[in-house]
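The basis for the numbers below is simple: all heavy atoms, side chains too, and nothing from hydrogens, waters or symmetry mates. Positions are given from 1 along the sequence. Start at 1 and go down the list; that is how both ligands and their atoms are numbered.
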Amino acid sequence: MKDAPALKVSGLDVHYKDFQALWGVSIEIEKGEIVSVIGANGAGKSTLLKTVMGLLAPTRGTIELFGERIDGLRPHETVPRGLALVPEGRRVFSRMTVYENLVMGSYPPKIRAGRDEGMARIYDLFPVLKDRHHQMASTLSGGEQQMLAIGRAMMSRPKILICDELSLGLAPVIIQDIYKRLVQINRDGTTIVLVEQDVQRSLKAADRVYVMLEGKVVLQGDAASLSVDEVKKAYFGI
Ligand SMILES: Nc1ncnc2c1ncn2[C@@H]1O[C@H](COP(=O)(O)OP(=O)(O)OP(=O)(O)O)[C@@H](O)[C@H]1O
Ligand SMILES: [Mg+2]
């Protein structure tokens, strides 16, 4: 029998009070994949990720993680089950050190046990964080803060790492570097969901892509078989 998908979202509706932000969104991600969700400002990408994490509750639809229903669970329940979010805008704790930020990522008790080992792995992946171990997060560059946000999420040893607009406000060379580390994280066995506005980068980085427009999935397919033009048309709704 085929394994259950790593993540399966079916017919998801999400409202902010009277405003409906997601309309019947369905996505399916297999273990080991890198999947991009692409869309313009306001398409509903962050709403989708927040709902998967349990920060928002859906009004309709289901979410399954490796076959287990997780819709309705809160983040303190989804994180120990294997989800971790790198939030839009990084949201590092600016008045804490690099070390303290990483410790914050290992709060579930089951995870705390392997904290030192987890930290060593993250310092291997991002040596610049090791050099800045005792430095306040506010003194890091944008790229270093993004690495810290990824490191903090990786501290819970997620099965699925969910990243919301990693490249926002970063120079191309830094973005390239961060994407290289993501590929490494993926090769080490973590499934990755990326949300981006950048069509070309998303197509390049991902195995498969979903395009969202005004709260709906309007196109999906293998990254290798979709053209930039086709994706851009769906992205702009033309
Ligand atoms: N807290 C909120 N209250 C009311 N409406 C919201 C709230 N957050 C988002 N929305 C609305 O829901 C829709 C989807 O927003 P969302 O943040 O999910 O988009 P996005 O694709 O992540 O956009 P961006 O690329 O700008 O981050 C938008 O129309 C937005 O205005
Ligand atoms: Mg967003």
Side-chain angles (χ1 to χ4, degrees), residues 7-29 34-63 70-75 78 83-92 142-143 145-150 152-153 158 160-172 174-175 178-179 182 192-206 208-221 223 226 228 230-238:
L7 184 68
K8 184 176 177 182
V9 172
S10 312
L12 208 65
D13 287 356
V14 177
H15 289 76
Y16 295 103
K17 300 222 168 73
D18 291 340
F19 176 76
Q20 184 164 356
L22 296 187
W23 301 75
V25 169
S26 298
I27 62 169
E28 206 170 305
I29 295 165
I34 301 183
V35 172
S36 284
V37 178
I38 316 172
N41 286 125
K45 307 179 299 298
S46 297
T47 302
L48 171 63
L49 300 190
K50 285 180 189 163
T51 310
V52 168
M53 284 306 296
L55 291 158
L56 295 171
T59 34
R60 199 177 67 90
T62 58
I63 307 169
I70 59 158
D71 43 284
L73 299 189
R74 307 285 302 150
T78 58
L83 290 181
L85 175 70
V86 183
E88 189 176 337
R90 297 156 205 144
R91 304 281 185 93
V92 295
Q145 288 190 17
Q146 190 58 274
M147 292 175 198
L148 180 56
I150 297 170
R152 184 182 55 187
I160 307 182
L161 180 70
I162 302 176
C163 305
D164 197 349
E165 301 209 31
L166 290 177
S167 32
L168 209 68
L170 300 179
I174 308 285
I175 299 171
I178 286 176
Y179 267 80
L182 279 185
I192 297 185
V193 183
L194 295 172
V195 150
E196 282 288 356
Q197 292 195 34
D198 184 330
V199 172
Q200 248 141 332
R201 187 167 302 281
S202 301
L203 280 174
K204 203 168 151 214
R208 282 187 314 113
V209 299
Y210 288 86
V211 183
M212 288 184 71
L213 177 73
E214 295 171 357
K216 298 184 179 119
V217 171
V218 290
L219 182 69
Q220 65 185 80
L226 289 171
V228 172
E230 199 176 356
V231 173
K232 278 195 173 156
K233 275 189 183 150
Y235 181 107
F236 290 114
I238 49 176

**Study point:** Backbone of Leu166 reached by a side-chain donor or acceptor of Gln146 within 3.5 Å
**Key:** yes

Practice item. Find out whether Val199 and Tyr235 are in side-chain contact, i.e. whether some heavy atom of one side chain is under 4.5 Å from a heavy atom of the other. Key: yes

Review point. Among side-chain atoms of Asp164 and Ser46, is any donor-acceptor pair under 3.5 angstrom?
Key: yes

Exercise for review: For atom 18 (O) of ligand 1, state whether the nearest protein heavy atom is under 4.0 Å away.
Suggested key: yes

Study note, to complete from the structure: Nearest non-hydrogen protein atom to atom 26 (O) of ligand 1, with distance, is Asn41 ND2, 2.7 Å

Exercise for review: Please could you name the atoms of ligand 1 that Ser46 approaches to less than 4.0 Å, counting only its heavy atoms?
Suggested key: 17 (O), 18 (O), 20 (P), 22 (O), 27 (O)

Review point. Is Glu165 close enough to the Mg ion (ligand 2) to have an N, O or S atom under 2.8 Å?
Key: no

Point to revise | Shortest protein heavy-atom distance from atom 28 (C) of ligand 1, along with the residue and atom involved | key: Gly42 O, 3.8 Å

Exercise for review: Among all protein heavy atoms, pick the one closest to atom 16 (P) of ligand 1 and tell me residue, atom and distance.
Suggested key: Thr47 OG1, 3.5 Å

Check your understanding: What do we get for Ala21 next to ligand 1 when only non-hydrogen atoms under 4.0 Å count, side chain, backbone, both or neither?
Key -> side chain

Review point. Looking only at atom types and distance, does a side-chain atom of Ser202 sit under 3.5 Å from a main-chain N or O of Ser36, one as donor and one as acceptor?
Key: no

Exercise for review: Between Gln197 and ligand 1, find which residue part has any heavy-atom pair under 4.0 Å and reply side chain, backbone, both or neither.
Suggested key: side chain

Review point. Side chains of Tyr179 and Ser167: do they bring a donor and an acceptor to under 3.5 Å?
Key: no

Practice item. Distance to 0.1 Å, residue and atom name: give those for the protein heavy atom nearest to atom 2 (C) of ligand 1. Key: Tyr16 CD2, 3.4 Å

Point to revise | Any donor-acceptor pair under 3.5 Å from Lys45 side chain to Ala40 backbone | key: yes

Check your understanding: Measuring from the heavy atoms of Ala40, does anything fall under 4.0 Å of ligand 1?
Key -> yes

Review point. With no hydrogens and no angle check, is any side-chain donor or acceptor of Asp71 less than 3.5 Å from a backbone partner on Ile63?
Key: yes

Review point. Has the side chain of Tyr210 got a donor or acceptor atom that lies under 3.5 Å from a matching backbone atom of Glu28?
Key: yes

Exercise for review: Using a 4.0 Å heavy-atom threshold (strictly under), name the region of Glu165 that reaches ligand 1: side chain, backbone, both or neither.
Suggested key: side chain

Review point. Any idea which atoms of ligand 1 are less than 4.0 Å away from a heavy-atom of Phe19?
Key: 11 (C), 12 (O), 13 (C), 29 (O)

Review point. With respect to atom 25 (O) of ligand 1, which of His15, Lys45, Gln20 exhibits the smallest heavy-atom separation?
Key: Lys45

Check your understanding: Taking Thr78 for the side chain and Met53 for the main chain, is one N or O donor matched with an acceptor at less than 3.5 Å?
Key -> yes

Practice item. Would you check the N or O atoms of Gly39, main chain and side chain alike, for any that come under 3.5 Å of an N or O of ligand 1? Key: no

Check your understanding: Which N, O or S atom name in Glu88 marks its closest approach to the Mg ion (ligand 2)?
Key -> OE1

Exercise for review: Kindly say whether Ala223 contributes a backbone atom to a donor-acceptor pair with the side chain of Arg208 at under 3.5 angstrom?
Suggested key: no

**Study point:** Which segment of Glu88 sits under 4.0 Å of ligand 1 when only heavy atoms are counted
**Key:** side chain

Practice item. Could you confirm whether Thr47 has any N/O/S atom lying under 2.8 Å from the Mg ion (ligand 2)? Key: no

Exercise for review: Using a distance threshold of 4.0 Å (strictly less than), state whether atom 7 (C) of ligand 1 has a protein heavy-atom neighbour.
Suggested key: yes

Check your understanding: Counting distance only, does the side-chain N/O of Ser26 pair as donor-acceptor with the main-chain N or O of Gly11 below 3.5 Å?
Key -> yes

